[in-house]
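Data block below; observations after.
Letters A, B, ... are given to chains in the order of the sequence lines, protein chains preceding strands, and every chain is numbered from 1.
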Number of protein chains: 2
Amino acid sequence: MTDYSDKLKSAGLKVTLPRLRILEILGRHPNRHHTAEDIYRLLLQNGEDIGVATIYRVLTQCEQAGLVARLQTEGPAMFELNRENHHDHFVCTRCGLVEEFHDGIIEERQRKIAARAGYEIVDHSMVLYGICADCRRQLK
Amino acid sequence: MTDYSDKLKSAGLKVTLPRLRILEILGRHPNRHHTAEDIYRLLLQNGEDIGVATIYRVLTQCEQAGLVARLQTEGPAMFELNRENHHDHFVCTRCGLVEEFHDGIIEERQRKIAARAGYEIVDHSMVLYGICADCRRQLK
DNA sequence: CTTCTTGCAAATCATTTGCAGGGCG
DNA sequence: CGCCCTGCAAATGATTTGCAAGAAG
């Protein structure tokens, strides 16, 4: 089990129950993506009633501290633990499944495009929307 | 000057003043991207007071009809005339500049990734965020 | 005429913020 | 004990919707 206390401390954030719980939720399924509402409901199921405002605050702070990554798609933002290995996302428009992928060639091309145009890339977001393998099977 | 009446008709939409005006705004600088509010203000300057609700409605309808493309970034959505030539976007986080680019290699890789995972891609969004050439110059 | 559109205000959704009370260090 | 944090409610920003009045075909 990861030690979120240390991570919070080294980010200069006080170690509090809400913060620990939220990070634990995110760490439970390291490649799952949750909305703030999701997290609120999951915490409620554990008997922890933490306001959504706090959840948004904690997530935003942790994002700035590099502990959490935010994924903007259509609809509410989704959050995941930041695992240092950069990746992009595929989102199934039928069932909501989110999967990750990484492609070195795409990354390299992005750098080339930026260099050619004189941009300094700070960040990028790439989301593929479609029907996942499971849903395609069900649709047949 | 493009004939937006015909485009609206073949999309099954009635030809109305608000629709024509909105498409004209978008067509004026074919590679510019506007928010609904932008369009509202531009129309006001021309003396046309069209409510934002209408603008959103028109844009959404035209998007579904394939006449308009919506670009989701941080902040409000931006709209542009749909010009058939698919492209992705670079957004300057300092001045808001939006530029377009296209890269066949990236597109091809996206298809490969989808094929390997069994996805059927319906759409994708890719936005590079950074500092544009002009802003970099000014910052020096 | 009938149906699709618009306008306006009210509703909604996601997210943020102000402020008073609590808790960590 | 002081400052950071949380809770709650109210504020905000973007977008949508209901409904009555107006135009398009």
Side-chain angles (χ1 to χ4, degrees), chain A residues 3-25 33-41 43-44 46-65 67-79 91 96 125, chain B residues 3-25 33-41 43-44 46-65 67-79 91 96 125:
Chain A
D3 190 346
Y4 297 114
S5 302
D6 279 5
K7 297 202 170 166
L8 285 168
K9 275 181 207 150
S10 45
L13 296 169
K14 285 191 177 170
V15 177
T16 66
L17 207 104
R19 287 180 180 159
L20 287 174
R21 290 290 174 271
I22 291 170
L23 291 175
E24 281 164 20
I25 291 271
H33 303 69
H34 304 279
T35 66
E37 281 289 329
D38 285 346
I39 296 173
Y40 176 71
R41 265 179 273 107
L43 286 168
L44 259 193
N46 279 38
E48 322 253 9
D49 190 346
I50 297 176
V52 277
T54 299
I55 295 176
Y56 274 109
R57 258 183 306 227
V58 168
L59 289 171
T60 304
Q61 289 161 160
C62 289
E63 185 193 12
Q64 281 160 0
L67 300 179
V68 162
R70 178 189 306 246
L71 169 61
Q72 272 298 356
T73 67
E74 312 158 332
M78 314 191 78
F79 299 86
V91 176
S125 95
Chain B
D3 189 345
Y4 298 114
S5 301
D6 279 4
K7 297 203 168 166
L8 284 169
K9 275 181 206 149
S10 44
L13 296 169
K14 286 187 176 172
V15 177
T16 67
L17 206 106
R19 287 180 179 158
L20 288 174
R21 290 291 173 272
I22 291 170
L23 291 175
E24 281 164 20
I25 292 272
H33 302 70
H34 304 279
T35 65
E37 282 289 330
D38 285 347
I39 297 172
Y40 175 72
R41 263 179 276 107
L43 286 169
L44 258 193
N46 280 36
E48 321 254 10
D49 190 345
I50 298 177
V52 276
T54 299
I55 295 176
Y56 274 108
R57 257 185 307 229
V58 168
L59 289 171
T60 304
Q61 289 160 161
C62 288
E63 186 194 12
Q64 282 158 0
L67 300 179
V68 161
R70 177 189 306 246
L71 168 61
Q72 272 298 356
T73 68
E74 311 158 333
M78 314 191 77
F79 299 86
V91 176
S125 95

Rounded distance (Å) that lies between atom P of C/dT16 and atom CZ of A/Arg70: 6 Å
Side-chain touch B/Leu8/B/Leu20, heavy atoms, less than 4.5 angstrom: yes
Nearest-nucleotide pick for B/Thr54, side chain only, options being C/dT6, D/dT6, D/dA14: C/dT6
Whole-Å gap separating C1' (C/dC13) and CD (A/Gln72): 13 Å
Distance below 4.0 Å between A/Tyr56 side-chain N/O and C/dT15 OP1 or OP2: yes
Separation of D/dC8 C1' from A/Asp49 CG (nearest whole Å): 11 Å
Rounded interatomic separation in angstrom, taking CG from A/Leu59 and C1' from D/dT6: 14 Å
Selection from D/dT17, C/dT16, D/dT6 that lies nearest to any side-chain heavy atom of A/Thr60: C/dT16
Sugar-phosphate, base or nothing in reach of A/Val52, heavy atoms under 4.0 Å: nothing
Closest-nucleotide ordering on DNA chain D, the 5'-leading residue of B/Ala77 and B/Arg57: B/Ala77
Spatial distance of atom NE2 (A/His34) from atom CD1 (A/Ile55) [nearest 0.5 Å]: 11.5 Å
Under-4.0 Å side-chain N/O to phosphate OP1/OP2 contact, B/Arg19 with C/dT5: yes
Side-chain heavy atoms of B/Asp49 within contact of B/Leu44, under 4.5 Å: yes
Side chain of B/Lys14 (C-beta onward), nearest among C/dC8, D/dC3, D/dG25: D/dG25
Closest-nucleotide 5' rank along DNA chain C - winner of B/Pro18 and A/Leu17: B/Pro18
Atom pair distance, as rounded to whole Å: CZ in B/Phe79 and P in D/dA14: 12 Å
Option passing side chain to side chain contact (heavy atoms under 4.5 Å, CB included) with B/Arg19 (candidates B/Lys7, B/Glu24, B/Lys14): B/Lys14
Length of the CZ-C1' vector between B/Arg21 and C/dT5, whole Å: 16 Å
Spacing between B/Glu63 atom CD and D/dT15 atom P, to the nearest angstrom: 11 Å
Selected nucleotide, minimal atom distance to B/Thr16 side chain, candidates C/dT17, D/dA24, D/dT6: D/dA24
Rounded distance (nearest 0.5 Å) linking atom CD1 of B/Ile22 with atom CG of B/Leu59: 5.5 Å
Whole-Å distance separating the CG atom of B/Leu20 from the P atom of C/dT6: 10 Å
